[in-house]
Chemist: 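This structure is in structure tokens; I'll ask about it shortly.
Protein chains get the first letters and strands the later ones, always in sequence-line order, with residue 1 at the start of each.
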There are 2 protein chains.
Amino acid sequence: MISNKAKYAFRALLAVAAAPDGEALTSAEIARRYGIPHKFLEQILLDLKKAGILDSRRGKSGGYVMLRPADTVSFGEVLRIFEGPLAPLPCLSRQSYRRCEDCVSEATCEIRREFGRAYDASRQVLDSRTIADALASAPFGAPTEEKHRLTG
Amino acid sequence: MISNKAKYAFRALLAVAAAPDGEALTSAEIARRYGIPHKFLEQILLDLKKAGILDSRRGKSGGYVMLRPADTVSFGEVLRIFEGPLAPLPCLSRQSYRRCEDCVSEATCEIRREFGRAYDASRQVLDSRTIADALASAPFGAPTEEKHRLTG
DNA sequence: ACAATTCCCTACTTATGAAGTCGGCATTTA
DNA sequence: TAAATGCCGACTTCATAAGTAGGGAATTGT
């Protein structure tokens with residue numbers, strides 16, 4: 001299970017990315033909209049800023065905007081910010097490889113081999129799907145703001 | 001990252017499954033062989049027994065054997081015993097479904113949709129690959145006991 | 001100028017789970 | 001019948017999740 005922190009981060013990111021044009025969203029507004037504890041969300045948005053994904057403006061009419069375009073921000077990248085390495089074993093992580101302490105031979109470790117398969121499969125998805133993808137692929141029948149305006 | 005407990009469970013299971021014929025392996029022997037804390041391993045083997053995967057004999061010349069054949073025990077099943085649900089979100093777990101507390105609409109939740117893809121991919125592997133598969137697919141060049149006897 | 005608004009930063013709390021440790025009872029067999 | 005082995009519950013220690021709390025720093029509408 002992913003942490004609440006990560007889940008909140010995705011909600012916030014999707015909201016900021018979906019905001020019209022370059023309009024800034026305040027932390028208070030996001031918190032209100034999704035029922036996220038405000039002070040907690042502030043920390044999360046800060047983390048996203050430090051990671052170079054969001055930008056912010058202070059003071060009246062301040063808020064958060066995307067720093068990088070939403071189609072360059074993958075789910076995997078965001079998840080790693082809040083959860084650390086996604087690999088099921090330290091010896092499978094590319095970004096922060098660590099040998100298992102009790103490991104005899106990585107090349108013949110059955111556990112490593114099998115979990116490697118599973119990790120490859122999930123990484124393939126997480127590192128290729130972006131925030132923009134997620135917003136674009138609304139299921140048929142679920143009215144977006146746009147459709148709503150046209151058909152409602 | 002999976003827990004040490006789960007990792008130890010896999011090591012132990014693979015060892016018991018690989019033991020010649022129906023020969024029983026003691027917890028002490030497994031612990032010694034892989035450097036696992038003995039008392040901790042005992043708890044783990046107990047869990048595997050309660051789950052109906054291992055059987056045990058007590059007293060002198062006791063130990064653990066497979067209760068079910070190794071090709072019916074998937075990595076996913078074992079992992080769930082020690083880690084609980086594998087799903088990244090409660091609303092994606094089939095075995096122990098729970099609606100996200102703040103969820104507005106599962107059908108349109110982008111987070112659910114994207115993590116659903118990732119989970120499907122990884123579950124496909126974990127629930128199909130078995131302990132027997134893992135033992136069978138030794139990489140080329142790594143001598144098994146069998147090969148060793150023949151070629152060494 | 002100044003007050004309201006918003007982001008920014010640090011420290012703290014509370015609860016939960018991981019990863020064992022410890023002591024001893026129960027059963028089997030040489 | 002004693003040694004070996006599994007079985008069981010309670011406890012400890014440390015790290016992390018999930019916030020809470022309080023205030024400082026920048027910006028802007030008036």
Chemist: Side chains of A:Ser137 and B:Arg113: donor-acceptor distance under 3.5 Å anywhere?
Modeler: yes
Chemist: What pairs of donor and acceptor atoms, side-chain ones from residues 115-122 of chain B against any protein atom, are under 3.5 angstrom apart with sequence neighbours left out?
Modeler:
residue  : atom : partner  : partner atom : Å
B:Asp120 : OD1  : B:Arg123 : NH2          : 2.7

Chemist: Could you tell me whether the side chain of A:Cys100 reaches within less than 4.5 Å of the side chain of A:Pro90, counting heavy atoms only?
Modeler: yes
Chemist: Counting only heavy atoms and a strict 4.0 angstrom limit, can you tell me which residues of residues 79-98 of chain B come near DNA chain D?
Modeler: none
Chemist: What is the distance from atom CG of A:Leu86 to atom CG of A:Leu79, rounded to the nearest 0.5 Å?
Modeler: 5.0 Å
Chemist: What distance do B:Arg94 atom CZ and B:Asp127 atom CG have between them, rounded to the nearest 0.5 Å?
Modeler: 9.5 Å
Chemist: Establish, with yes or no, whether the OP1 or OP2 oxygen of D:dA17 is under 4.0 angstrom from a side-chain nitrogen or oxygen of A:Asn4.
Modeler: no
Chemist: Between B:Met1 (CE) and D:dA17 (P), how many Å, whole number?
Modeler: 13 Å
Chemist: Please report the distance, rounded to the nearest Å, between CG in B:Asp55 and C1' in C:dT28.
Modeler: 14 Å
Chemist: Output the rounded distance in Å from CZ (B:Phe40) to C1' (D:dT13).
Modeler: 13 Å
Chemist: Would you say D:dA18 has OP1 or OP2 under 4.0 Å from some side-chain N or O of A:Tyr8?
Modeler: no
Chemist: Testing A:Leu46, A:Ile53, A:Leu48, A:Leu54 for side-chain contact (heavy atoms from CB on, under 4.5 Å) with A:Lys50, which one passes?
Modeler: A:Leu46
Chemist: Just do the ring-ring contact (aromatic ring centres under 6.0 Å, His included) check on B:Tyr8 and B:Tyr34 with the steps written out, would you?
Modeler: CA-CA 9 Å; B:Tyr8 293 159; B:Tyr34 299 105; 9.7 Å; no
Chemist: A:Leu41 has an atom CG; how far is it from atom P of D:dG19, in whole Å?
Modeler: 11 Å
Chemist: Could you work out, with side-chain contact (heavy atoms from CB on, under 4.5 Å) as the rule, every residue matching B:Asp71, not counting sequence neighbours?
Modeler: B:Pro69, B:Thr130, B:Ala132
Chemist: Any chance CZ of B:Arg68 has more than 12 other-residue heavy atoms, nucleotides or ligands included, within less than 6.0 Å?
Modeler: yes
Chemist: If you write DNA chain C from 5' to 3' in dot-bracket form, with Watson-Crick or G-U pairs under 3.5 Å, [ ] for crossing pairs and | for pairs with another strand, what do you get?
Modeler: ||||||||||||||||||||||||||||||
Chemist: How many whole angstroms separate atom CD1 of B:Ile30 from atom C1' of D:dT5?
Modeler: 13 Å
Chemist: Can you give one letter per nucleotide of nucleotides 5-14 of chain C, 5' to 3': B if a protein heavy atom sits under 4.0 Å from the base, S if only from the sugar-phosphate, - if neither?
Modeler: BBBBB-B---
Chemist: Rounded to the nearest angstrom, tell me the gap between atom CG in B:Asp47 and atom P in C:dA19.
Modeler: 14 Å
Chemist: Any carboxylate oxygen within less than 4.0 angstrom of a Lys/Arg side-chain nitrogen, looking at A:Arg80 and A:Glu77?
Modeler: no
Chemist: Pairs under 3.5 angstrom only: tabulate donor-acceptor contacts from the side chains of residues 14-29 of chain B to other protein residues two or more places apart or in another chain.
Modeler:
residue : atom : partner : partner atom : Å
B:Thr26 : OG1  : B:Glu29 : N            : 3.0
B:Ser27 : OG   : B:His38 : NE2          : 2.8
B:Glu29 : OE1  : B:Arg32 : NE           : 3.4
B:Glu29 : OE1  : B:Arg32 : NH2          : 3.4
B:Glu29 : OE2  : B:Arg32 : NH2          : 3.1
B:Glu29 : OE2  : B:Arg33 : NE           : 3.2
B:Glu29 : OE2  : B:Arg33 : NH2          : 3.2

